[in-house]
Amino acid sequence: MNYLNRNEKEILPVVTALNVLLADYHIYYQKLRSNHWNVVGKNFFDLHEKFEELYNDARVKIDEIAERILTLRYHPMSTLKDYLETASIQEEAPVKTDQDMVENILNDHKLLLAQMAEVIENANAIGDEGTIDLIGAYIRELEKTSWMLHAWTKKTTDTLKEDLVDA
């Protein structure tokens with residue numbers, strides 16, 4: 001039974017992009033776990049907790065992405081080998097400064113957001129509202145998280161672009 005009323009050829013680009021996003025999220029998740037375990041210094045308590053929050057969120061998204069692929073009647077990618085070969089996010093050394101950890105997460109967010117945009121583009125092309133809704137919410141959440149992490153990297157004397165707030 002084809003409850004989606006779509007043919008497999010039109011769904012395949014969406015599934016392919018979702019599988020790349022799934023791979024990216026697996027690598028991102030593990031990097032967050034590593035940061036959680038390896039952070040040291042004055043920011044330990046704040047970042048240890050933040051990394052745990054982020055990896056718990058990533059774990060949920062991994063499951064939701066895989067279930068969306070299954071909903072589209074395909075099997076999700078499921079091996080570490082495939083994730084490592086497919087992901088645009090790359091593994092990195094586990095021991096680094098807290099500043100580098102946050103900056104690396106922000107770089108990963110850029111890659112995740114780019115992949116999400118590709119998923120949305122492919123889903124939009126076939127009117128796949130379920131995927132658009134799911135990933136659209138992820139984009140909003142990740143942009144907000146990125147803003148907050150970016151604010152953490154700033155000095156307290158840094159300001160926003162003032163020319164944008166003049167009325």
Side-chain angles (χ1 to χ4, degrees), residues 16-70 76-123 131-167:
T16 300
L18 282 168
N19 263 316
V20 173
L21 185 60
L22 181 63
D24 283 338
Y25 257 102
H26 270 280
I27 305 305
Y28 171 69
Y29 169 83
Q30 187 55 43
K31 288 169 69 173
L32 290 167
R33 295 294 306 242
S34 176
N35 289 347
H36 174 76
W37 297 326
N38 292 300
V39 66
V40 296
K42 292 182 282 184
N43 295 310
F44 170 82
F45 290 105
D46 291 334
L47 288 179
H48 185 75
E49 186 175 317
K50 177 52 81 174
F51 295 147
E52 183 173 6
E53 174 190 319
L54 292 173
Y55 75 65
N56 283 330
D57 178 69
R59 182 181 43 80
V60 170
K61 286 180 171 58
I62 286 167
D63 191 55
E64 291 175 346
I65 294 164
E67 288 177 353
R68 185 64 193 164
I69 293 167
L70 289 161
M77 189 179 296
S78 300
T79 68
L80 295 174
K81 179 181 182 281
D82 287 340
Y83 298 146
L84 290 167
E85 290 174 356
T86 304
S88 56
I89 294 178
Q90 301 296 306
E91 289 185 303
E92 58 192 37
V95 178
K96 51 190 159 292
T97 67
D98 56 355
Q99 185 77 23
D100 287 341
M101 288 176 177
V102 172
E103 288 174 7
N104 288 338
I105 288 172
L106 286 167
N107 287 330
D108 290 347
H109 286 187
K110 288 179 192 177
L111 297 171
L112 286 167
L113 288 166
Q115 187 58 35
M116 288 179 197
E118 184 175 332
V119 171
I120 293 283
E121 182 179 327
N122 290 330
T131 300
I132 292 167
D133 182 60
L134 178 71
I135 303 304
Y138 290 0
I139 290 170
R140 183 186 66 249
E141 292 171 21
L142 194 59
E143 287 174 341
K144 184 174 181 179
T145 300
S146 297
W147 156 62
M148 291 178 171
L149 288 171
H150 185 255
W152 181 90
T153 68
K154 298 296 183 186
K155 296 178 181 125
T156 57
T157 56
D158 289 345
T159 60
L160 296 175
K161 298 175 185 174
E162 292 182 29
D163 59 320
L164 296 179
V165 289
D166 290 339

task = Go through the steps for Ile120 and Ile139 under the test side-chain contact (heavy atoms from CB on, under 4.5 Å), then give the verdict.
result = CA-CA 10 Å; Ile120 293 283; Ile139 290 170; 4.0 Å; yes
query = So how far is it from Ile65 CD1 to Leu70 CG, rounded to the nearest 0.5 Å?
reply = 12.5 Å
query = Taking atom CG of Leu84 as the centre, does the number of heavy atoms from other residues, nucleotides or ligands within less than 6.0 Å exceed 12?
reply = yes
inquiry  = Can a donor-acceptor pair be found, under 3.5 Å and without considering hydrogens, that links the side chain of His36 to the backbone of His48?
reply    = yes
task = Could you tell me whether Glu141 atom CD has more than 12 heavy atoms of other residues or ligands within 6.0 Å of it?
result = yes
query = To the nearest 0.5 Å, what is the distance between NE2 (His26) and CG (Asp82)?
reply = 11.0 Å
inquiry  = Salt bridge check, Lys50 against Glu53: does any charged N sit closer than 4.0 Å to a carboxylate O?
reply    = yes
Test item: His150 and Leu106 side chains (from C-beta on) under 4.5 Å apart, heavy atoms = yes
key: Test side-chain hydrogen bond (donor to acceptor under 3.5 Å, both in side chains) applied to Asn104 and Glu92, Gln90, Lys31, the passing residue   = Glu92
note = When every non-hydrogen atom of Ser146 is compared with those of His109, the smallest separation belongs to OG-ND1, 2.7 Å
ask   = Of the non-hydrogen atoms in Ala17 and Gln115, which two are nearest, and what is the gap between them?
value = O-NE2, 3.0 Å
task = Could you grab the distance from atom CG of Leu18 to atom CE of Met116, nearest 0.5 Å is fine?
result = 10.5 Å
ask   = Considering only heavy atoms from C-beta outward, does the side chain of Asp98 approach that of Phe44 to under 4.5 Å?
value = no
task = Please determine, by modelled atom types, if Tyr55 and Arg59 share a side-chain donor-acceptor pair under 3.5 angstrom.
result = no
ask   = If we only count heavy atoms from C-beta on, is the Tyr28 to Ile105 side-chain gap below 4.5 Å?
value = yes
message = Please enumerate all residues that pass salt bridge (charged side-chain N to carboxylate O under 4.0 Å, His left out) together with Asp24, with sequence neighbours excluded.
response = none
inquiry  = Could you check whether any side-chain heavy atom of Leu21 comes within less than 4.5 Å of a side-chain heavy atom of Ile135, counting everything from C-beta outward?
reply    = yes
Any side-chain donor near an acceptor of the partner, Thr97 and Asp100, under 3.5 Å = yes
message = Working to the nearest 0.5 angstrom, can you tell me the gap between Thr145 OG1 and Arg140 CZ?
response = 11.0 Å
inquiry  = More than 12 heavy atoms of other residues, nucleotides or ligands under 6.0 Å from CD of Gln99: yes or no?
reply    = yes
Heavy-atom pair of closest approach, residues Met77 and Ala23 = SD-CB, 4.1 Å
ask   = Taking only residues two or more places apart in sequence or in another chain, which ones pass salt bridge (charged side-chain N to carboxylate O under 4.0 Å, His left out) with Asp57?
value = Lys61
key: Approximate separation, where rounding is to 0.5 Å, of Leu32 CG and Phe51 CZ   = 7.5 Å
ask   = So which heavy atom on Leu22 is nearest to which on Pro76, and how close?
value = CD2-CB, 3.8 Å
inquiry  = Quick check: do Leu149 and Leu54 have side-chain heavy atoms less than 4.5 Å from each other?
reply    = yes
ask   = Are side-chain N/O atoms of Ser34 and Asn38 paired as donor and acceptor at under 3.5 Å?
value = yes
task = Look at Glu64 together with Arg68 and state whether they make a salt bridge at an N to O cut-off of under 4.0 Å.
result = no
ask   = So, for Ser78 and Tyr83, which heavy atoms are closest and what is the spacing to 0.1 Å?
value = CA-OH, 3.3 Å
Least distance between heavy atoms, Trp152 atom then Leu47 atom = CZ2-CD1, 3.7 Å
